[in-house]
Amino acid sequence: MDKVIAILIGFLPNPRMYKRIELEKKIAQLHLLCWDKGNSMLLPPQEDGYKAHIFSIPASGDPIKRMIPYTRFSNQAYAALKEIRPDIIHVQGLDMLKIAHRYKKTVNKDVSIVYEVADLHRLLVDKQRHPLKKIIQAYLCYEDRRLKKSYDLLLLTSMKFFEVYFSKFVCENKILYMPNVPDLSAFSSYEKKSSRDEFTVGYIGSVRYKQQMRNLIDAAQHNNMRVLIAGFENEPIEIEPLCKDNPRIEWIGRFDFDKQAAALYGKCDVMYSVYDADMHNVRVALPNKLYEAVYCEMPLIVAKNTYLAQTVEDWGVGVSVDHKSVDELTRVLAQLQNDPEIYERIVENCQRRKEEVGLQRFNILLEKRIRELLA
């Protein structure tokens, strides 16, 4: 392989990014450049057919406080790119796109850039009231438009991202829809729970939306159900202490997705994926939980008035609830626990949709576009 691809990300690789790594290392020599900020639930990558460059620079989650560490990372990543001399730079996030743009402008104007957007940041799409945040929002929107000519391919995990934001300044022929479908190899050992006697509601992923997590704990307690929570809790730490002394809650914390996801899903009867729907980015996202729950033939509970709820209801693979209502969540959980007809109908709908959640057909499309850029 003479061609070189560099993946540039501002975090340790997550399961979705490992899917990109697995595909792209088969196409060209692959280098992964990632920023370890020291506050991640994710594990450092283990090299397997690619070269990893991990830049350990502690940084706050606050965008303002992160500016100085970002400058350090930017300069180090830029220097690494100059040594690697990639033919393609695959980035996620506007901050990484700026580094790739700098390299393209000053070192190699012929390098192709693939820009991946996994989520629309609330600073981009939510109405800001604080004067400083208004300024930041205006700047980010300006940068997005300024850098649109830098990238050759825009990967979106939800087509709603294009509808509500990118359609205003990006041509549709630059877009490739790459939903966050699971790498089924992580579920090769998955065995569906054999009995619903010990009914368990699962939450698997980063613990960010604290009020919705409290709602889950309260609703499950009302129904005398078990709860499984697996994921790193973003600061401030509020949910873990509620779980530690509760015998009906299994708190897993940080975990290795590839090694543990199948077993964790195998302990659950229902998957909970209710986020704060007051946030615009939540209303337009399609998280990986949709595809994982469908593959595992498990009802999914989501927030109303979101694109996720629309999809779940169209597919018949779950139920939507008011993201602020403990009472509504309590009723829905009781229904799923006590009405086998409703539960089994959702499971059957999941079975019908399983063909749509495989990664391979989307990888074929992405590989085609990448090879065209390398030609």
Side-chain angles (χ1 to χ4, degrees), residues 9-17 35-43 59-66 92-93 95 117-126 128 133 157-158 160-161 180 201-220 227-244 249-257 260-261 264 268 270-293 300-309 312 320-326 329:
I9 52 178
F11 52 89
L12 294 173
N14 54 21
R16 177 180 42 76
M17 197 50 64
W35 184 2
D36 180 5
K37 302 185 183 79
N39 56 3
S40 175
M41 67 172 281
L42 301 165
L43 300 171
S60 166
D62 184 291
I64 304 298
K65 295 178 181 177
R66 200 166 56 232
Q92 178 183 314
D95 51 353
V117 177
D119 199 6
L120 282 183
H121 198 285
R122 59 178 180 264
L123 277 173
L124 281 175
V125 291
D126 285 352
Q128 303 299 325
K133 288 189 175 180
T157 58
S158 169
K160 277 287 181 181
F161 295 171
N180 200 8
V201 187
Y203 178 87
I204 298 176
S206 177
V207 180
R208 291 184 290 169
Y209 303 101
K210 305 303 177 76
Q211 187 54 56
Q212 283 65 49
M213 298 306 299
R214 292 190 189 91
N215 292 351
L216 168 61
I217 292 169
D218 291 345
V227 176
L228 180 148
I229 300 176
F232 178 85
E233 181 174 6
N234 293 16
E235 293 187 353
I237 305 301
E238 300 172 354
I239 303 304
E240 184 177 0
L242 298 178
C243 302
K244 285 296 188 179
I249 302 178
E250 183 177 1
W251 175 268
I252 305 295
R254 176 173 171 163
F255 69 99
D256 186 320
F257 185 90
Q260 295 175 263
L264 292 172
C268 302
V270 172
M271 195 53 52
Y272 182 75
S273 188
V274 177
Y275 305 148
D276 184 357
D278 289 338
M279 300 167 65
H280 196 283
N281 60 329
V282 168
R283 293 199 296 272
V284 298
L286 281 184
N288 57 330
K289 297 297 165 289
L290 167 65
Y291 309 104
E292 292 167 8
L300 185 67
I301 301 176
V302 302
K304 285 181 175 177
N305 301 316
T306 62
Y307 185 36
L308 176 59
V312 163
S320 63
V321 298
D322 184 324
H323 68 286
K324 295 179 180 178
S325 175
V326 176
L329 178 59

Tell me, do Leu308 and Lys289 make a side-chain contact under 4.5 Å, heavy atoms counted? no

To the closest 0.5 Å, what do you measure between SG (Cys268) and CD (Glu250)? 8.5 Å

Provide the closest heavy-atom pair for Val207 versus Ile239 in the form atom of the first, atom of the second, distance. CG1-CG1, 4.0 Å

Tell me whether the count of non-hydrogen atoms from other residues, nucleotides or ligands lying under 6.0 Å of CG in Asn305 goes above 12. no

Taking Ser320 for the side chain and Lys304 for the main chain, is one N or O donor matched with an acceptor at less than 3.5 Å? no

Which heavy atom in Leu300 sits nearest to a heavy atom in Leu290, and how many Å separate them? CD2-CA, 3.6 Å

Can you tell me how far the CD1 atom of Ile249 sits from the CD atom of Glu240, to the nearest 0.5 Å? 11.5 Å

side-chain contact (heavy atoms from CB on, under 4.5 Å) partner of Leu329, the single match among Ile301, Asp218, Val201: Ile301

Passes side-chain contact (heavy atoms from CB on, under 4.5 Å), Met17 versus Gln92? Steps please. CA-CA 9 Å; Met17 197 50 64; Gln92 178 183 314; 3.5 Å; yes

If every non-hydrogen atom of Tyr272 is compared with every non-hydrogen atom of Gln212, which pair is closest and at what distance? OH-O, 2.7 Å

Rounded to the nearest 0.5 Å, what separation is found between the CD1 atom of Ile204 and the CG atom of Leu264? 5.0 Å

Could you state the interatomic distance from CG (Leu216) to OH (Tyr203), rounded to the nearest 0.5 Å? 10.0 Å

What heavy-atom pair brings Thr306 and Ala309 nearest, and what distance separates the two atoms? OG1-N, 2.9 Å

The test is side-chain contact (heavy atoms from CB on, under 4.5 Å); show your working for Lys324 and Asp278 and say whether it passes. CA-CA 10 Å; Lys324 295 179 180 178; Asp278 289 338; 3.1 Å; yes

Rounded to the nearest 0.5 Å, how far does CG of Asp119 lie from OG of Ser158? 9.5 Å

Checking Glu238 side chain against Lys210 main chain: does a donor-acceptor pair fall under 3.5 Å? no

Under the criterion side-chain contact (heavy atoms from CB on, under 4.5 Å), I'd like the reasoning laid out for Leu120 against Val284: C-alpha separation, chi angles, the key distance, then a yes or no. CA-CA 8 Å; Leu120 282 183; Val284 298; 4.2 Å; yes

Salt-bridge present (Asp276, Arg208; N to O < 4.0 Å): no

Would you name the heavy atoms of Val282 and Tyr209 that are closest together and state the gap between them? CG2-OH, 3.5 Å

Applying side-chain contact (heavy atoms from CB on, under 4.5 Å), run through Arg66 and Lys37 and close with a yes or a no. CA-CA 10 Å; Arg66 200 166 56 232; Lys37 302 185 183 79; 3.7 Å; yes

Look up atom CD1 in Ile9 and atom CG in Asn14, then write down how far apart they are to the nearest 0.5 Å. 7.0 Å

Side chains of Asp256 and Gln260: is there a donor and an acceptor less than 3.5 Å apart? no

For a quick test of reading the model, state the closest non-hydrogen atom pair linking Ser206 to Asn234 and the distance between them. OG-OD1, 3.2 Å

